[in-house]
Amino acid sequence: MSKKRVAILISGRGSNMGALIKAAKGFDYPADIALVLSNKAEAIGLRTAKSAGISTAFVDHKIYAGREDFERSMQRVLEINRIDIVCLAGFMRLLSPWFVAQWHNRMINIHPALLPDYKGLDTHARVLKDGAKIHGCTVHFVVPEMDAGPIILQSSIPVHEYDTEATLGARVLEQEHIIYPKALAMVAASNAGF
Ligand code: GAR
């Protein structure tokens, strides 16, 4: 079976992107990272991707009149690059139902919480504030509703009394870097949606 061509969409640091790039170097990994696309020119992840020899693209959401115009440009870039699967990895733009429909069952996201709990931003701070004992991360298919959609993989970790937002976030991120490559491999190896 030929390897699926993957685009990773980022807005910043790109550490999950880095984990996906590393995993995809494995000869039997079922996906190739064909493109990294950012809506921010200054995203550190763009530099990391370039130095790993991966094609990069920058689509500036600020120059478009509306969300769909921006997304139509992204869609063209994805089509030109013959992308099969889109991975959102810290891509901080809400996506329209139109764009989500283009990638039905072919777009996945990583979220730093155990969905369906703690959708949205500042998950680590909210977990600490609530005194929750368990936290974690989730990879899921993207649907129009934010941070929803069928769950592919999750990883949970204990919350310690001495945890701060930084220590908790760092332990969750370690788990993100483990489950995202596994989840992408599962999706790429299945024929669902292709
Ligand atoms: C990650 O923790 C990811 O789960 C989160 O942004 C961070 C990006 O870090 N995504 C979301 O909050 C989306 N709802 P990275 O750029 O180093 O991968």
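Start at 1 and go down the list; that is how both ligands and their atoms are numbered. Count residues from 1 along the sequence. Please read these numbers as outputs of a predicted model, since none were measured by experiment.
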Between Ser156 and His135, does any side-chain donor sit less than 3.5 Å from a side-chain acceptor?
no

Say whether Gln75 and Glu71, considering side chains only, have a donor N or O and an acceptor N or O under 3.5 Å apart.
no

To the nearest 0.5 Å, tell me how far Met92 CE sits from Leu121 CG.
6.0 Å

Heavy atoms only: give me the nearest Ser15-His177 pair and the separation to one decimal.
OG-NE2, 2.8 Å

Using distance alone, with no hydrogens and no angle criterion, decide if Tyr118 and Asp147 have a side-chain donor and acceptor under 3.5 Å apart.
no

Transitive ILVMFWY cluster of Trp98 at side-chain heavy atoms under 4.5 Å: who else is in it?
Leu9, Leu35, Leu37, Val59, Ile63, Tyr64, Phe70, Met74, Val77, Leu78, Ile83, Val86, Leu88, Phe91, Leu95, Phe99, Val100, Trp103, Met107, Val142

Name the residues with a heavy atom less than 4.0 Å from ligand 1?
Arg13, Gly14, Ser15, Asn16, Gly90, Met92, Ile110, His111, Pro112, Asp147, Leu173, Glu176

